[in-house]
Chemist: 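One structure coming up, written as structure tokens, with questions to follow.
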Amino acid sequence: MSKVRTRFAPSPSGFLHIGGARTALFNYLFAHNQGGRFVVRIEDTDRQRSAQEFVDAIFDGLSWLGLDSDEEPVFQSARREVHQRAIDRLTRAGACYWCFCSPERLDEVRKQAQTQGRKTMYDRTCRDLGKTPSPDEQAVLRFRSPLDGETVVNDMVRGVVTFDNAELDDLILLRSDGTPTFHLVVVADDIDMGITHCFRGEDHLTNTPRQMLICRALGAEPPVYGHLPLIVGKDRARLSKRHGATSVSAYRDQGFLPGATLNYLARLGWSHGDDEIFTKEKLVELFDVAGINSSAAAFDLDKFTWVNFQHQKRMPAAQLAALVRPFLDHGAVVDDAILPEAVELLRERAHTLVELAEGLRPFTASKVVFEEKSVAKFLTDDARALVGELAGLLDGVDRWSEESIESAFRELIESKNLKLGTLAQPVRVALTGGTQSPGIFELCRVLGRGTTLARLRAVAR
Ligand code: GLU
């Protein structure tokens, strides 16, 4: 068998959304699992609906996810010759014909079929005319679809789906302005690009027998298709804005990791036993058609957030530090040496990079921002005096380590017969402005001696 080649063929009429990204991922994983190649094709023949902004956003989203095309991406609009060659070949094979019916007549035919409760199909008036349009004549080119027999789609996801050819229309290949239609270009490009397998949304399933027939009329064997089930919301309705953000970039902005997003997208319709957490490499290794579910997959933000948390927990701190950097407050200055340590302290408390960046504020802000309530409750005069004493003791420790910091705390509370919390809470407020923070000794250690002492002294009496 020839080498596996898959493609992701988005139309640039919108941003890369969850469903599109999942289609790209399945094509990518399948190709890479089989030692094949994954190619991106931008379907921009509909110039009115395509925008550069969306082309950029799609590439941006794919590259963020690590789903770059293995070859130079293909732009459909630049392939008129390929499409024309397909038209010429179909014409030579007698697989298409010119249709001169006016839009008004076609409207009539449609209405009649509707009132008679029949399927609205072209009535094939021009099928046997055998006429070619003169230069000033308006005509469309139609596919000569077989009138009987069956077309069988051996779908990787849905199994065998059989279509009655009699139900298939003689669809238009070239519009009257000479531009090729969606079906023609998709088939011509798939053949030209040597596509062997193709996952796409199940909304394309009814296009498949038509495209297979065109493909065979062009003397090629169609790709093996896999139609992926819909992605729905928790309410089982098709995923839409109503359910929250649907674009991949929105999740990037909300602080989801690319690896976690890939992981979650893979789980939207594919499973491997009870496993939930996968790296990209593992997905490539394990991806299999048998694991694809043929029923709709429900997008669940809580689950996605949990997957993200798991990835944050497992990632090397330095890598997580690099990813959280863009989320730090504007103008935040933070030492490259401190950030990974601070990340290590806080990662178990944050589900997303946004939450992690919030938790990192005590390490990244030049000034402590105090919560009024915490100040009123914990920075009493007595507490401030205690904090001052602690600062004195900490100033004297030889080595700035968690053990020496803890000894200073213990020395102070034992001498005064206090509980640790009585000292730790005011210190927390002094250092972070609030009462939520990781372990107090670790916090002091990572903040460093200079910052710790300065912040303690700033509130001390
Ligand atoms: N351009 C089509 C779309 O965005 C996909 C075509 C295909 O996958 O065959 O829906």
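Numbering of ligands and ligand atoms starts at 1, following listing order. Side chains are part of it too, since the values below use all heavy atoms of this structure and drop only hydrogens, waters and symmetry mates.
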Chemist: Is E137 salt-bridged to K131, cutoff N-O under 4.0 Å?
Modeler: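 Judged by the 4.0 Å cut-off on N to carboxylate O distance, E137 and K131 do form a salt bridge.
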Chemist: Would you kindly say whether H197 and R5 are connected by a side-chain donor-acceptor distance under 3.5 Å?
Modeler: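 R5 and H197 do not have a side-chain donor-acceptor pair below 3.5 Å.
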Chemist: List, for ligand 1, each N/O atom that has a protein N/O partner under 3.5 Å away, with both atom names and the distance.
Modeler:
| unit_1 | atom_1 | unit_2 | atom_2 | d |
| --- | --- | --- | --- | --- |
| ligand 1 | 1 (N) | A9 | O | 2.8 |
| ligand 1 | 1 (N) | S11 | OG | 2.9 |
| ligand 1 | 1 (N) | E43 | OE1 | 2.6 |
| ligand 1 | 4 (O) | S11 | N | 3.3 |
| ligand 1 | 4 (O) | S11 | OG | 3.2 |
| ligand 1 | 8 (O) | R7 | NH1 | 2.6 |
| ligand 1 | 9 (O) | R7 | NH1 | 3.3 |
| ligand 1 | 9 (O) | R7 | NH2 | 2.9 |
| ligand 1 | 9 (O) | R200 | NH1 | 2.6 |
| ligand 1 | 10 (O) | H204 | NE2 | 3.0 |

Chemist: Under the ring-ring contact (aromatic ring centres under 6.0 Å, His included) test against Y251, which residue among F15, Y264, F256 passes?
Modeler: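 Result for ring-ring contact (aromatic ring centres under 6.0 Å, His included) with Y251: F256.
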Chemist: So, for W270 and F26, is the gap between ring centers shorter than 6.0 Å?
Modeler: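 Between F26 and W270, which both carry aromatic rings, the centre distance is not below 6.0 Å.
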Chemist: Can you name the side-chain contact (heavy atoms from CB on, under 4.5 Å) partners of A113, sequence neighbours left out?
Modeler: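 A113 satisfies side-chain contact (heavy atoms from CB on, under 4.5 Å) with R118, T120 only.
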Chemist: Could you check, using the six-membered ring where one of them is a Trp, whether H243 and F299 have ring centers closer than 6.0 angstrom?
Modeler: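 Centroid separation for H243 and F299: 6.0 Å or greater.
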